[in-house]
Every structure is written in structure tokens, then in C-alpha cells.
2 protein chains.
Amino acid sequence: MSTITLIPVTDVAACCAPLTRETLSPENADGLARSLKALADPTRLRLISIVAASEGKEACACDLTEPVGLSQPTVSHHLKVLVDAGFLTRTQRGTWAYFKLVPGALDAVSRLLISA
Amino acid sequence: MSTITLIPVTDVAACCAPLTRETLSPENADGLARSLKALADPTRLRLISIVAASEGKEACACDLTEPVGLSQPTVSHHLKVLVDAGFLTRTQRGTWAYFKLVPGALDAVSRLLISA
DNA sequence: ACGGGATATTGACATTCGTCGATATAGGCG
DNA sequence: CGCCTATATCGACGAATGTCAATATCCCGT
């Protein structure tokens, strides 16, 4: 399970200036790397993309397995990674699990990479 | 060596709209994931950060080993990953190798993550 | 041409990651 | 209550990753 202290991406972003402005401390580098690692998988990018394109930026897990063409456990795993990293939130509604984009989470990472 | 067709990050960025705008194709997801993977390591982030903070956004490899506290081969490896991904360029000047930030490369990735 | 310093490459190793099948859990419905 | 459907967890496996010591390569000065 590897339960390491989870650092919501919004906190990571609040921490510091864009990495091209001043040199990153080892701690900040580690936090940002963890956020980027969560994004650095084609399946997870597609999941985020599909969720973001859905009504209310929210999608049912049941609608996410088929488009990415992987097994149900694998998709569930990827969704967990994204939730743990703070990019998605999970809500149980009846039998179904809904995943919603966390507003500003992607932007927070984006802001750290920009050179302006 | 794993010589897979290298896709400069600038090309990746030119490809498509922010991933929150419309669903990412498998190919585009793969390209972006590859770029993000290159960034998703604390040491590599620090290397980029140090280079970016240097005069002319360029630094000698000889000045990069000590700050990150890893062996010379390991640093050389990380620099190669960043060059292959299109974030740095390498120039040999005499005995020394200089690494320079590719203008716009980070911004290209940044633009894909933004939700605007 | 030779020696030395800077960098890259190789080979090995432990760790992490992505994936699956099998199974567990949990909630709605008859 | 008992089944069915949706989702999560477990255990296993191969592939990829980060690291180092040892070695090779390349370039300069003598």
C-alpha cells in the first residue's frame, strides 16, 4: 500500500515559486516530483481528461473502464493514485463511485512549471 | 539503451489543446506522459532548476554533481534523460559539457496542464 | 605522444510500477 | 435474507527506474 504522507497537490503548489525562478529545495523537489509522477502515465492522463470533459467535471467509475481499455482493477488503481495525489476526489453515490476534478489542482502544477 | 523514437516536448505541446478541454487521444496521452516522466524525479527537477537559475540559463556539468549529492554517472544519466526529452540541450566546450534550458519547453508542458 | 581530468557508457542490483486474475466488500433489489 | 452488480483490495508477475562502481572515451596541456 505504501502509505507515505500524502501531500495534496495544492499544498505543493502553494509552497514555492516557479522552478525556473530560484533553485528548488530538496523537499520541494520531492513534493513536485510526487505530483508529476501521479500524472506521468498515459492512462491516468486520459482518465483525468475524460473526467474533465464530463458534465460537472465529474464521471462515474463505471464509465471509465471501457474507454481506457484496461481491466477494472487496474482502472481502480489508477483512480486511487489520482485521488491520493489530490487531482481527483471520490464520492460514493449508491452503488456507484463518482470521481470529480479538484479545481485548481492541475493549474497549481502548471504554475510551477511555467517560466514567466 | 532503449532507443525509442524521441518526441521533443515542443512537438508534444504543439499537438493539442489543454487536457481538460477535450479528451486526450491515446497517442497524445502517451507523448505527454513521456514528457512528464522525464520531469517526475526530484533530482531532475533540481537539475533543471539549477540550470535555469544560472547565467544565460546554462550550466557546466562540473557544477551540477556536487549540489545534488549523487554520483557523477547518476547525474550524467539524469542529464541525458532531460536532453532526450527536449528540456535541455548539451554543448561540448573543450573538456566540459554545458547544459542549457530549451526555451519554451517547460511552458509547453505547463500549457497542456492548465485548465483555462 | 603521453598523462590527467571531465564526462559518458556499461553492467549489476534493489526498488518501484503497471497490469492482471482472483477475491473481498458493500450497497440495492427481489 | 440472498443475489447481483459495482468497486476495492490482494497477490503475483514482468518491465522499467534510480543508483553505483568500474570502465571507456574524449580533450587538453605538457
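Atoms considered below: every heavy atom in the structure, side chains included; atoms not considered: hydrogens, waters and symmetry mates. Residue numbers begin at 1 in each chain, while the letters A, B, ... track the order of the sequences.
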Inset, instruction - Check whether any side-chain heavy atom of A:Leu106 sits under 4.5 Å from a side-chain heavy atom of A:Phe87, and report yes or no. - result: yes

Inset, instruction - Among C:dA8, C:dT7, D:dT7, find the nucleotide with the atom closest to the side chain of B:Cys60. - result: C:dT7

Legend entry - Residue closer to the 5' end of DNA chain C, A:Arg44 versus A:Trp96 (nearest nucleotide): A:Arg44

Inset, instruction - For B:Cys60, check side chain to side chain contact (heavy atoms under 4.5 Å, CB included) against everything at least two apart and list the hits. - result: B:Cys62, B:Asp63, B:Trp96, B:Tyr98

Legend entry - A:Leu39 and B:Leu32, any side-chain heavy atoms less than 4.5 Å apart: no

Legend entry - Any side-chain heavy-atom pair of A:Val68 and A:Val75 under 4.5 Å: yes

Inset, instruction - Rounded off to whole Å, could you give me the CG-to-P distance for the A:Leu79 and C:dT19 pair? - result: 12 Å

Legend entry - Touch class at under 4.0 angstrom, heavy-atom based, for A:Tyr98 against every strand present: nothing

Legend entry - Rounded distance in Å - CG (B:Asp30) to P (D:dA16): 12 Å

Legend entry - side-chain hydrogen bond (donor to acceptor under 3.5 Å, both in side chains) between A:Thr23 and B:Ser49, worked out: CA-CA 5 Å; A:Thr23 77; B:Ser49 176; 4.9 Å; no

Inset, instruction - Apply salt bridge (charged side-chain N to carboxylate O under 4.0 Å, His left out) to B:Arg34 and B:Asp30, showing your working. - result: CA-CA 6 Å; B:Arg34 241 195 288 265; B:Asp30 220 79; 3.3 Å; yes

Inset, instruction - Classify every nucleotide of nucleotides 19-30 of chain D by which part a protein heavy atom approaches to under 4.0 Å, writing B for the base, S for the sugar-phosphate alone and - for neither, in 5'-to-3' order. - result: BBBB----SS--

Inset, instruction - State, yes or no, whether a side-chain contact exists between B:Arg44 and B:Val81 at a heavy-atom distance under 4.5 Å. - result: yes

Inset, instruction - For the residue pair B:Leu45 and A:Asn28, establish whether any side-chain heavy-atom pair is separated by less than 4.5 Å. - result: no

Inset, instruction - Please list residues of residues 47-55 of chain A whose heavy atoms come under 4.0 Å from any atom in DNA chain D, ordered by number; otherwise none. - result: none

Legend entry - Contact under 4.0 Å: B:Arg90 side-chain N or O vs C:dA8 OP1/OP2: yes

Inset, instruction - Compare all side-chain heavy atoms of A:Val109 with those of A:Ser35 and state whether any distance is below 4.5 angstrom. - result: yes

Inset, instruction - Quickly work out the B:Leu82 CG to C:dA8 P distance and round it to whole Å. - result: 12 Å

Inset, instruction - Let me know the distance between CG of B:Leu64 and P of C:dA6, rounded to the nearest Å. - result: 14 Å

Inset, instruction - Would you mind telling me which residue lines up with the more 5' stretch of DNA chain C, A:Ala40 or B:Asp63, judged by nearest nucleotide? - result: B:Asp63

Inset, instruction - Rounded to the nearest angstrom, tell me the gap between atom NZ in B:Lys80 and atom C1' in D:dG18. - result: 16 Å

